[in-house]
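Here the structure is a predicted model, which is why all the values come from computation and not from measurement. Within every chain, numbering begins at 1; the chains are lettered A, B, ... in the order of the sequence lines, protein sequences first and strands thereafter. Computed from heavy atoms alone, side chains included, the values below leave out hydrogens, waters and symmetry copies.
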Amino acid sequence: NAGVTQTPKFRILKIGQSMTLQCAQDMNHNYMYWYRQDPGMGLKLIYYSVGAGITDKGEVPNGYNVSRSTTEDFPLRLELAAPSQTSVYFCASSLDIQRAFFGQGTRLTVV
Amino acid sequence: KQEVTQIPAALSVPEGENLVLNCSFTDSAIYNLQWFRQDPGKGLTSLLLIQSSQREQTSGRLNASLDKSSGRSTLYIAASQPGDSATYLCAVRPREYGNKLVFGAGTILRVKS
């Protein structure tokens, strides 16, 4: 049982480049989330989804986009990367409002 | 707006000591509260989930309590071990927007051998 799988684990982007962070879960969870974690800070919600075809903004959505075409996948798109987007990104999933499970994270550096 | 605070920010204890980590939240209208462990450079591992109707949950040497009316939760770790060294995060799921988790900044725990 893989749980929540994120790819890639590490990435370096140049300012202005774009990329997609992949997230997949195999637990048939309806809720999925993207968080970012900056040093010394708690996790901040970027986007979330309560089911295929339904997404909504979290606290810090600017500079990001998401889509949810299937229950399993919830990719996060970064357009025109900026140094402020240097962070660790976590994807998570849950069955409704119950226990949330997290992926191992993607460490992104924008230079 | 729900805010979550964890005190202390860092804690260093000798091996074998019992310890308590604190989590407070500003709005008592929550569905549940979850404690996580995060090792350096790793993802979050769920430790315990307490529903709003529950007072405590136990798993091995870990015991988490919830006092919803006062907006507090504690994570008790018995007989601490060096392997317990990690960052511990708490998160609440507010009733106002139950499809989100609101996190505290975490407590960095170091258990010295």
**Complete:** Closest heavy-atom pair, B:S46 versus A:R99, reported as atoms and distance to 0.1 Å, is OG-NH1, 2.7 Å
**Fill in**
One should read off an interatomic distance between B:F103 CZ and A:K44 NZ, to the nearest 0.5 angstrom, of 11.5 Å
**Complete:** Under 4.5 Å to a heavy atom of chain A? For B:L33 that would be neither
**Message:** Restricting to non-hydrogen atoms, name the atom on B:L89 and the atom on A:Q37 that form the minimum distance, rounded to 0.1 Å.
**Reply:** CD1-NE2, 4.5 Å
**Item:** ILVMFWY network linking A:Y64 to A:L108, side-chain heavy atoms under 4.5 angstrom
**Value:** yes
**Shortest non-hydrogen contact from B:R93 toward A:A100** = NH2-CB, 4.4 Å
**Prompt:** Does B:I30 share a hydrophobic cluster with B:L49, counting links as ILVMFWY side-chain heavy atoms below 4.5 Å and allowing steps through other members?
**Reply:** no
**Asked** Just by distance, with hydrogens left out, do A:Q98 and B:Q51 show a side-chain donor and acceptor under 3.5 Å apart?
**Response** yes
**Request:** Please report the closest heavy-atom contact between B:Q38 and A:F90, naming both atoms and the distance.
**Result:** NE2-CZ, 3.4 Å
**Prompt:** Measuring heavy-atom distances to chain B, does A:S94 have an atom under 4.5 Å in its side chain, in its backbone, in both, or in neither?
**Reply:** side chain
**Asked** Is there a path of hydrophobic side-chain contacts, each under 4.5 Å between heavy atoms of I, L, V, M, F, W or Y residues, that connects A:V66 with A:L78?
**Response** yes
**Complete:** Honestly, the part of B:I108 sitting under 4.5 Å from a heavy atom of chain A is neither
**Prompt:** Atom CD in B:Q34, atom CD1 in A:I97: separation rounded to 0.5 Å?
**Reply:** 11.5 Å
**Request:** Determine whether A:I54 and A:Y33 fall in the same hydrophobic cluster, where Ile, Leu, Val, Met, Phe, Trp and Tyr are linked whenever their side-chain heavy atoms lie under 4.5 Å apart.
**Result:** yes
**Prompt:** Looking only at heavy atoms, what is the nearest atom pair of A:R107 and B:G41, with distance?
**Reply:** NH2-CA, 3.5 Å
**Message:** Working to the nearest 0.5 angstrom, can you tell me the gap between A:Y48 OH and B:L101 CG?
**Reply:** 12.0 Å
**Request:** Please indicate whether A:R77 has more than 12 foreign heavy atoms, meaning atoms of other residues, nucleotides or ligands, lying under 6.0 Å from its CZ.
**Result:** yes
**Asked** Just wondering, more than 12 heavy atoms not from A:I12 lying within 6.0 Å of its CD1?
**Response** no
**Message:** Does atom CZ (B:R61) have a neighbourhood of more than 12 heavy atoms from anything else shown, all under 6.0 Å?
**Reply:** yes
**Asked** Linking I/L/V/M/F/W/Y whenever any side-chain heavy atoms sit under 4.5 Å apart, do A:V110 and A:Y35 land together?
**Response** no
**Request:** Measure the spacing between OG1 of B:T45 and CZ of A:F101 and express it to the nearest 0.5 Å.
**Result:** 10.5 Å
**Prompt:** Below 4.5 Å, heavy atoms only, C-beta onward: do A:D56 and B:N99 meet side chain to side chain?
**Reply:** no
